[in-house]
K.L.:
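This is the structure I have questions about; it appears just below.
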Amino acid sequence: MLRKAPKLVVIAPCHNEEEVLGSTTSALLAAVSKMCDSGVVAEGSGLLYVDDGSTDSTWRLIVKLSEEYPSRVHGLRLNRHCGHQEALIAGMEKALESADVCVTIDADLQDDVAVIPEMIRMYMDGADVVYGVRKSRGTDSWFKKVTAKGFYNTMHGLGAECVANHADFRLMSHRAVADLMDYGERNLFLRGLVPLLGYRQECVYYERKERSAGTTKYPLRKMLDFAISGITSFSVRPVRMLFWIGLVFMLTALGIGIYVLIRHFSGETIEGWTSLILSIWFCTGILLMGLGIIGEYIGKIYIEVKRRPRYRISDEV
């Protein structure tokens with residue numbers, strides 16, 4: 001299915017990105033202008049920065065850039081730090097007002113801007129979602145490579161649809177974004193939500209760059225929180241696993257009971273306080289871990305039923 005050249009909005013969430021915002025804007029504007037000049041995208045295409053409660057001069061820079069490039073650079077300012085996923089949703093909801101397609105990309109520009117025209121080409125051929133997927137994880141540490149692989153394998157093992165080595169660098173058509181807005185979760189994990197939309201979905205592959213300046217906004221603690229949110233948002237298998245673990249322990253206890261009775265009636269003394277204490281601690285650990293998993297799901301229910309707004313916009317330029 002061929003389509004006309006779309007109006008594109010590139011959405012970049014920002015949280016304390018004053019060090020990279022200038023170079024990011026130059027690179028994105030150059031890419032958008034080149035696509036406009038060649039007819040790949042329509043005139044009126046541009047950038048939308050979403051300031052996610054920055055405490056540095058990020059918002060002042062966005063205002064300055066919007067004054068310098070009024071037809072190309074726009075900005076939203078959230079009234080507090082809501083989170084990366086919420087900032088993306090805010091940008092996409094705003095883009096629905098005017099854009100035919102939107103591309104979401106991190107403001108540090110580690111993702112390759114050069115593949116955006118290829119994303120547009122796939123959209124023109126009929127795709128509604130195009131994922132930017134890393135060819136390799138050569139820039140990551142050994143720890144991050146292992147944990148990332150474990151996370152994606154876990155997600156697939158639990159039955160959640162998730163594109164491996166894909167973060168939040170993707171193109172989405174107007175109708176795909178509109179459908180995404182119907183998902184009202186407060187616990188957002190877009191990497192799992194977007195595949196649920198259906199439509200035709202494609203991938204482009206690129207090499208991820210090193211961050212040129214600033215610091216990562218996803219330290220280990222946030223990465224763990226994000227992974228737990230993704231797993232518990234798309235699968236109830238961890239809770240079901242507790243039943244099977246409990247069944248195994250019951251059968252084990254039954255076997256131990258039979259063994260103890262046999263030893264007792266044969267006149268042998270049962271020794272082993274150590275094994276008894278170890279089994280008590282082990283079983284207690286399993287129980288507490290199970291309660292923690294159940295508590296995670298109950299906490300999500302608690303957050304969802306309150307139906308609080310995912311974000312509020314305080315300023316717009």
Side-chain angles (χ1 to χ4, degrees), residues 6-36 40-41 45-52 54 58 61-62 65-66 69 72-76 78 83-96 99-123 127-135 139 163 165-174 176-177 180 188 190-191 193-194 201-214 216-218 226:
K7 182 178 178 181
L8 166 69
V9 172
V10 180
I11 301 165
C14 308
H15 180 64
N16 296 337
E17 297 288 3
E18 62 180 4
E19 296 179 60
V20 299
L21 209 57
S23 57
T24 295
T25 303
S26 297
L28 289 174
L29 283 180
V32 171
S33 296
K34 184 177 180 181
M35 287 187 286
C36 285
V40 174
V41 297
S45 298
L47 318 180
L48 174 59
Y49 287 122
V50 183
D51 180 13
D52 182 26
S54 297
T58 296
L61 286 171
I62 292 172
L65 288 166
S66 71
Y69 307 101
R72 283 275 194 259
V73 179
H74 308 274
L76 296 179
L78 305 188
H84 181 263
Q85 303 292 282
E86 286 76 7
L88 286 173
I89 284 287
M92 286 189 282
E93 192 162 22
K94 183 64 180 176
L96 274 178
D100 298 311
V101 296
C102 66
V103 170
T104 55
I105 190 169
D106 289 343
D108 57 22
L109 229 58
Q110 288 182 270
D111 300 314
D112 191 0
V113 177
V115 301
I116 294 179
E118 178 66 10
M119 290 178 163
I120 298 294
R121 185 192 67 77
M122 289 181 172
Y123 163 79
D128 282 280
V129 178
V130 183
Y131 300 104
V133 181
R134 298 172 64 173
K135 290 180 181 177
T139 59
V163 179
N165 295 323
H166 161 70
D168 288 297
F169 180 35
R170 69 177 74 87
L171 175 146
M172 295 180 68
S173 68
H174 185 278
V177 174
L180 181 63
L188 288 170
L190 294 176
R191 300 178 202 183
L193 278 177
V194 174
Q201 304 187 1
E202 302 286 352
C203 295
V204 297
Y205 298 89
Y206 68 98
E207 293 290 351
R208 189 171 172 85
K209 306 171 188 175
E210 293 279 2
R211 174 181 269 270
S212 60
T216 178
K217 304 306 180 292
Y218 269 92
F226 192 59

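If you read the sequence from its start, that first residue is 1, and numbering goes on from there.
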K.L.:
Output every pair passing salt bridge (charged side-chain N to carboxylate O under 4.0 Å, His left out) with a member in residues 84-93, not counting sequence neighbours, ordered by first then second residue.
P.N.:
none
K.L.:
Less than 4.5 Å apart, side chain to side chain, heavy atoms only: is that true for Val50 and Leu88?
P.N.:
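Val50 vs Leu88: side chains apart.
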K.L.:
Quick check against the 3.5 Å criterion: does Asp106 have a side-chain atom that pairs as donor or acceptor with the backbone of Asp108?
P.N.:
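Checking the backbone N and O of Asp108 against the side chain of Asp106, no donor-acceptor pair under 3.5 Å is found.
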K.L.:
Output the distance between atom CG (Leu171) and atom CD1 (Ile120), rounded to the nearest 0.5 Å.
P.N.:
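So the CG of Leu171 and the CD1 of Ile120 are separated by 5.0 Å.
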K.L.:
With a 4.5 Å limit on heavy-atom distance, are the side chains of Gln85 and Asp168 in contact?
P.N.:
yes
K.L.:
Restricting to side chain to side chain donor-acceptor pair (under 3.5 Å), what partner residues turn up for Thr25, sequence neighbours left out?
P.N.:
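If we apply the side chain to side chain donor-acceptor pair (under 3.5 Å) test to Thr25, skipping adjacent residues, the hits are Tyr49.
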K.L.:
List in chain and number order the residues that pass ring pair (Phe, Tyr, Trp, His ring centres under 6.0 Å) with Tyr69, two or more places apart in sequence or in another chain; answer none if no residue qualifies.
P.N.:
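Applying ring pair (Phe, Tyr, Trp, His ring centres under 6.0 Å) to Tyr69 gives none.
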K.L.:
Kindly give the heavy-atom pair with the smallest separation between Cys14 and Leu21, and that separation in Å.
P.N.:
SG-CD1, 4.0 Å
K.L.:
Where is the tightest heavy-atom contact between Glu207 and Asp112, given as atom of each residue plus distance?
P.N.:
O-CB, 4.4 Å
K.L.:
If every non-hydrogen atom of His84 is compared with every non-hydrogen atom of Asp52, which pair is closest and at what distance?
P.N.:
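So the two residues come closest at N-OD2, 3.8 Å.
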K.L.:
Less than 4.5 Å apart, any side-chain heavy atom of Phe169 and any of Ile116?
P.N.:
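Side-chain contact under 4.5 Å: yes.
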K.L.:
If we ignore hydrogens and angles and just use 3.5 Å, is the side chain of His174 paired with the main-chain N or O of Leu96 as donor and acceptor?
P.N.:
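Checking the backbone N and O of Leu96 against the side chain of His174, a donor-acceptor pair under 3.5 Å is found.
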K.L.:
Please round to the nearest 0.5 Å and tell me the distance separating atom OG of Ser54 and atom CG of Leu61.
P.N.:
10.0 Å
K.L.:
Below 4.5 Å, heavy atoms only, C-beta onward: do Thr24 and Glu17 meet side chain to side chain?
P.N.:
no
K.L.:
Is there a side-chain contact between Lys135 and Tyr206, using heavy atoms and a 4.5 Å cut-off?
P.N.:
no
K.L.:
Working to the nearest 0.5 angstrom, can you tell me the gap between Met172 CE and Asp100 CG?
P.N.:
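Atom-to-atom, Met172:CE and Asp100:CG are 14.5 Å apart.
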K.L.:
Work out which heavy atom in Met119 is nearest to a heavy atom in Arg170; give both atom names and the distance.
P.N.:
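That would be CE-CA, 4.2 Å.
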K.L.:
Taking side chain as C-beta onward, heavy atoms only, is Val20 less than 4.5 Å from Leu109?
P.N.:
no
K.L.:
Could you report the tightest heavy-atom contact between Leu78 and Ala87, atom names first, then the distance?
P.N.:
CD1-CA, 4.1 Å
K.L.:
Taking Arg72 for its side chain and Ser45 for its backbone only, find out whether a donor-acceptor pair lies under 3.5 Å.
P.N.:
yes
K.L.:
Out of Leu48, Asp51, Ile11, which residue meets the side chain to side chain contact (heavy atoms under 4.5 Å, CB included) rule with Leu76?
P.N.:
Leu48
K.L.:
Which atom pair, heavy atoms only, marks the closest approach of Met122 to Cys203?
P.N.:
CE-O, 3.4 Å
